[in-house]
Amino acid sequence: MAKTVVVVGAGVAGIQVSQQLADLGFVVHLVDRESTVGGLSAHLGKVFPTDDCALCLDACEELFSGHHRRCQYRSLLGSQKKLNLHTQTQVKSIKREGNGFSVSVKTSPRYILLDRCVVCLECIHACEVEVEDEFNLGRGTRKAIYRPIPQGVPLAPLIDMDSCTRCGKCVEVCGVGAINLDQRAKTRTIRADAIVLATGVEERLPHILPGYAYGECEDVLTQRELARLLDPTGSTVGKALTASGQPAKSVTMILCAGSRDLNAIEYCSQVCCTYSLKHALMLREQGIDVSLCYMDLRVPSHSRHYLELARESGVKFVRGKPDHVVVRDGRPVTVVENTESLERLEMGSDIVVLASPLIPLASQDGSFTDLLDADGFCHRRSKKPGVYACGTSTGPTDIPTSVAEANSVALEIYTDLMGVGK
Amino acid sequence: MKRLYLCTCNKTIDQVLDFKRITKELKGVFDSIEIVHDLCLKEGLEALGQSASREDSIVIGACSSQTLGIPVRHHVKSELVSFVPIREQIAWVHAKEKDSATYKAIVLLSDAAVRLDYLEPTTKFTETTVDEILVIGGGIAGLKAAFDLSRLGIKVTLLEPLGMREDSYLKDYRFIADSESLHDLLKTLQKGLSKVQRMQGVISELTGQVGSYEVTWANQDGTTTSQECGAIIVATGAEHFLPQIAKKFLHGKSERTVSLHDLLNSPRKEGKKRRSILVAVDPESPLASVEGSHLLRSARELSLRGNTVFVAHTDIRTEDENLYRAARDSGVIFIRGSIKRVKETDLGLTCRIANSLESLDREVTVDTIAVFPVIGPSSSNEGVSKSLGLNLNENGFIEIRYSKMKPVQTSRRGVFVAGNAHMPMGLVYTLSSAQNAALEAFKIVRSPLKRSGWIPVIDEETCDLCKACLDTCPNDALRLIDDRIVHIPSHCEFCGICVSACPTRAIEFQSHSKESWFARFETIAETHRRLEGKRPFTFVFACSECANASIDQAGFAGKEYPTGSYVIQFPCAGMVSPIEILKGLVVGAEQVILAHCPPAGCHHRTGDHLSELVVSFTREMLREIGQDPERVRATYMIAALPNKMQQEVGSHD
Amino acid sequence: MTKREDFIHKLREIAVQTPTEIIEVPDKVEGFGTIVYKPQTCSACKKCMDVCEVDALDIELTLSLPEFLVATIPEDGYRSKNRAALVSLLQHLQQNGDVQAISVPTGLSGYGSISWMQDKCIACNKCVEICPEDCLTLEKQYNLPAIIGEVVPPPAAEVSDWEPFIICFVCWECSHAAADLAGLMHLHYPANIRTIRVPCSGAVEPFHIMTAMQNGADGVLVTGCLLSECHYGGDDELAGNFMQYDFVHFWKQVFEGIGLGGRLHIDFASAAMGIKFSEIVTEFVHRIEELGPSPLRGKLEVEE
């Protein structure tokens, strides 16, 4: 009988390790609490080092010949024999059972039946409830029945029951009976021979960090929020607009806003320097002035070109960590000492972007507490047999490293469960 | 029989497209036309499977073949199926122009009918593999890869450089990590290598193909050994070099300036003499995080020995923030800035440092300057890459195929690179990298390689042996053997780039003959003129990877664009030659746009670049013969930018 | 220097006027010709370059658009179908007349134009035979003007008491015997001639003729056995004197072109034809007397 692995988290690493395990012959249950896969990468649009799509996956060997990759929407991720995808699903408990585990998961209702939906989008057209689109910074709207992102996998829409009025218009237009407004949460127990924690990180400003006017001024954003703004599938069609809808002419970026800070997050979030530079270049392409305040510029060798291009394109580099951001006449003003010129600067700009720390998500879930280190990251080589971790759940890192780690964990699991003599 | 199936996708597509009109126009083209409503659902696919026989050739007008293709193939007995994405690429983007949208559907469905005349079943092949793997280089990555493979029962040969000894890994900082972890790790790895065949030699030649390579190397005594293997892992590591700037620090001129490693290795007794040391880093060489960690550990080590240690630096990346703190706590003094000048006096070395934090120059006199070595490519990289046919990047390290998601795959199928041979990396990532390479190598040898796809077919009668196809193939899938061009199926990526280069037409790609393009373009132009009259139209030659995904995503993201352009899919944009482009213009297209993958990410490595060259060449031809070169252009498209189609052919705003 | 390079060097040295006519090369004369290249179907396979032993062919990364646009595709097409398509598509789209060759981007395989260096070519025909697309043909024409180029006529020589100086190549078989017989018969023929014995009149090479002119000869006479009676070949069409006949015919045109017209002649006599021999010589000397001293005398120091 084929061995089973439960992978928690369907971000870059989770998907990569799942696909490799499925190709190696395992039955995989890939669970993610979000309604679509991709984790942090689903927010990013374009990524470094190749400046192309974030939502790229390794192709399933059984279905696709050749060693290509495929975008999520055409990856057939949710329709493979061995890879079972469970979105809107959270791990409730993990119990040891014999040589393996008994994983209890709870799937919140999507209200759309995944094996019936043809993605015709009629339900979305028919819905008359419009709410703030939280995925896109609350600017722009979405319906109560919606698809969060165009490439979202599963492709089927979902219903935000809190906003839904249960008017039934969507059910009327759905000719295939794919909508069930009374769908209930489902709990199931999966017997697993191994577990992979690929719970990833989120980018957010720690609450204890005051002084940057985040939350106070709508034009102070995190880098992830800027990524949404610059994404052509976002609410501003990729244009950097202020909250009031005006085209931004100047942007100030603050690196290490909360990372490497004894008062907030102590560790370095590793990848924010590079993606901040990537965003700086995208802003320069729109003709926007960019000033970047930094302590250090930490760019890996495969992405050095971003730094060079940023310098060439006229990004202003200010070496100094801003003390605070004030709001004057509705505009954010960054107060910083340029340690190279010893000048105290007050830089007003239309938007301020904070490169916020990458904070592990595993710590938010009680099921994993005893598997985490002091910062909330999973131990790379877990002391618990049968439990593995890869991707940013083990520490902030970039996509190439997450992919390599995921592949490495796949072989580790294969060796432990199917190696010689087993 | 030629059958057409039109799906309404839950009766939505037929709200935009006039299916009655479509059926009427195509009655003469297809033997049967069936309208269905939910082709992608289980019952729809099963009905399709029942309705179409093995001898039929089928056109499906429904959602994108990218999502529907494989489910259909699993249910339909015939292999001759062509798809037209009337949903993502017509109904979802042309809702404001219902008439033209219907005409566009008719045109593309007529095109698909012609395509059926040229479709062939895919070629299927199975290649046996040699159940053995060669690991070149016995550094940490090499040992780890060999260890991992050995644990799986795979036969491994570990080929190390001549003269390598077991303790070599620990000497001279051949590998950077904190010495305790390194020591323990090496012990564990060495224990697991009992079944690994260990040899020493210098690689000289590679023949064969993936799954059954034969590698030859020169032994110590001058003889050669040849060995078969299914896959190869290159783990030749990296080396340390003193940066050029060491001369400025008086290395070679003064005895007081030494390499940091020499200082660390100097006997403890001698080290008891307390000194003031300036650790000098080359400001022009950005440090990898593994180098930064090493710098901090070393500075701390020297400080703990009782020395006064200064470090002159710019950015120091590190794997662990705590290393900074530990170094500072041990008394290391960090000066952020570059060393402008060093002068030797009786008192020692006087160094003038431009301190960027304080914006002034500081002078410090020390007993010793320890120059920090940088990591550079191993000296064996050149030889190994030449023998194995690999590419080196601009820094001399071994290049990987795609930096975002293929961290161990090289340009040669079945040859993988692990560890520092590709780029400087710390212990943890090296172990992952090695295990990743072991996984990929294992996947090749564990079972026969089974692949299927359309392949190029060579007509020896009209082949001039000009080798253009061979030179241009990015995958070593064409070779000259005994005065014939021979195709190596297991290397083929089914991209079709080879046929673009052929001057004669001795090589053609299954289902994509030049005749097929001519017939299809003529049909499209004729049908367009019949329905749209004199209205101008554009061809968009889109690669079936990123470009077509972007065009599909324009539909998903609601990025509407005007009708008047016809998307023709090519397996790779590199397959397009000037002939297809010119034919497009000759049949009457106003413009031909070639859409390919982005520069760093062509799925076939070189297709985007080649297609840009072809377009540039064709534009020159056009300019010279008096046509407007702007009629032809190339661009990249990606799914993350679903607005690309709007940028190229316009939007309604 | 290769033999051909040496040859051309010498030819340029003895040229005293700028040639203007292209010379027809007789059938039997080998080693001289013009390679005509049709670029339309060329696949840049370089087989011609590889087989050429004198490096007379090179490849340029250009597309010869002018030729493409005037090419006529035969009814059964080209062997190279892609080239036929390219030619026909370009012709279809052509809008203007003044078209130049364009360069091929570096990195694009399958295109190239062969360039032929007439200085080096020895018309061996190997390239023509090996081209799989029949792009090359050898035409029996020698482009003397292109090879010699512009010639500055030397100053006229100041020669007083000039007597023609003739070199006569006599074949070892018949014609030298004829010469002897003339002597035995005490026949008078002008003493301006120096004879050089060669095994067969066919053995005389351009090199010999040019050397003779370079060293002060005002004329060169080649005599051999009667046609059909060559002791090396008899009536075979490859017989030495048959070959030389054609060759001299070729060389006479060359001489004409470079300003030495009339100073080369070939004639035939059997061993018994002493009288004929003396007549041949006498006539040639008269002709040279009429032509005057070799124009080369103005170029060279001649030792009598």
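- Taking chain B as the reference chain and counting heavy-atom pairs below 4.5 Å, the highest number among C:A101, C:A84, C:C45 is found for C:C45.
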Step by step, work out the side-chain contact (heavy atoms from CB on, under 4.5 Å) result for B:F617 and C:I102.
CA-CA 9 Å; B:F617 190 35; C:I102 59 172; 3.8 Å; yes
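- Around NZ of C:K126, the count of heavy atoms belonging to other residues, nucleotides or ligands within 6.0 Å does not exceed 12.
- In this structure, C:Y245 places its OH atom where only 12 or fewer heavy-atom neighbours from other residues, nucleotides or ligands lie under 6.0 Å away.
- Interface residue C:S103: only backbone heavy atoms are found under 4.5 Å from chain B.
- Between atom NZ of residue B:K583 and atom CG of residue C:L86 there is a gap of 13.0 Å, rounded to the nearest 0.5 Å.
- Annotation: C:E129, atom CD; neighbour count of heavy atoms from other residues, nucleotides and ligands within 6.0 Å is above 12.
- Taken to the nearest 0.5 Å, the CG atom of C:L108 stands 9.0 Å off from the NE2 atom of B:H609.
- Atom CG of B:L582 sits about 12.0 Å away from atom CD of C:Q91, to the nearest 0.5 Å.
- At least one side-chain heavy atom of C:L63 sits less than 4.5 Å from a side-chain heavy atom of B:M621.
- Using a 4.5 Å cut-off between heavy atoms, C:L93 contacts chain B through both its backbone and its side chain.
- In this structure, B:K467 places its NZ atom where only 12 or fewer heavy-atom neighbours from other residues, nucleotides or ligands lie under 6.0 Å away.
- When each of B:P503, B:A468, B:S500, B:G626 is checked for heavy-atom pairs under 4.5 Å with chain C, B:P503 comes out on top.
- Atom CD1 of residue B:I579 and atom CG of residue C:L90 lie 9.0 Å apart, to the nearest 0.5 angstrom.
- At a 4.5 Å heavy-atom cutoff, the contact between C:Y111 and chain B is made by side-chain atoms alone.
- Note that the CZ atom of C:R83 and the OG1 atom of B:T504 stand 8.5 Å from one another [nearest 0.5 Å].
- Annotation: C:D27, atom CG; neighbour count of heavy atoms from other residues, nucleotides and ligands within 6.0 Å does not exceed 12.
- Between the side chain of B:Q627 and the backbone N or O of C:Q95, no donor-acceptor pair lies under 3.5 Å.
- With a 6.0 Å radius and a threshold of 12 heavy atoms from other residues, nucleotides or ligands, C:E30 has its CD atom at or below the threshold.
- Residue C:K46 does not touch chain B at all, counting heavy-atom pairs closer than 4.5 Å.
- Remark: side-chain polar atoms of C:K47 are paired, donor with acceptor, to backbone N or O of B:D464 under 3.5 angstrom.
- Annotation for B:R505 and C:K81: closest pair NH2-O, 3.4 Å, computed over non-hydrogen atoms.
- Heavy atoms closer than 4.5 Å to chain C are found nowhere in B:C469, neither backbone nor side chain.
- Atom CZ of B:R484 sits in a sparse spot, with 12 or fewer heavy atoms from other residues, nucleotides or ligands closer than 6.0 Å.
- No more than 12 heavy atoms of other residues, nucleotides or ligands lie within 6.0 Å of CD in C:E21, so this atom counts as exposed by the packing criterion.
- Here the CG-OG distance, from C:N82 to B:S577, works out to 6.5 Å after rounding to the nearest 0.5 Å.
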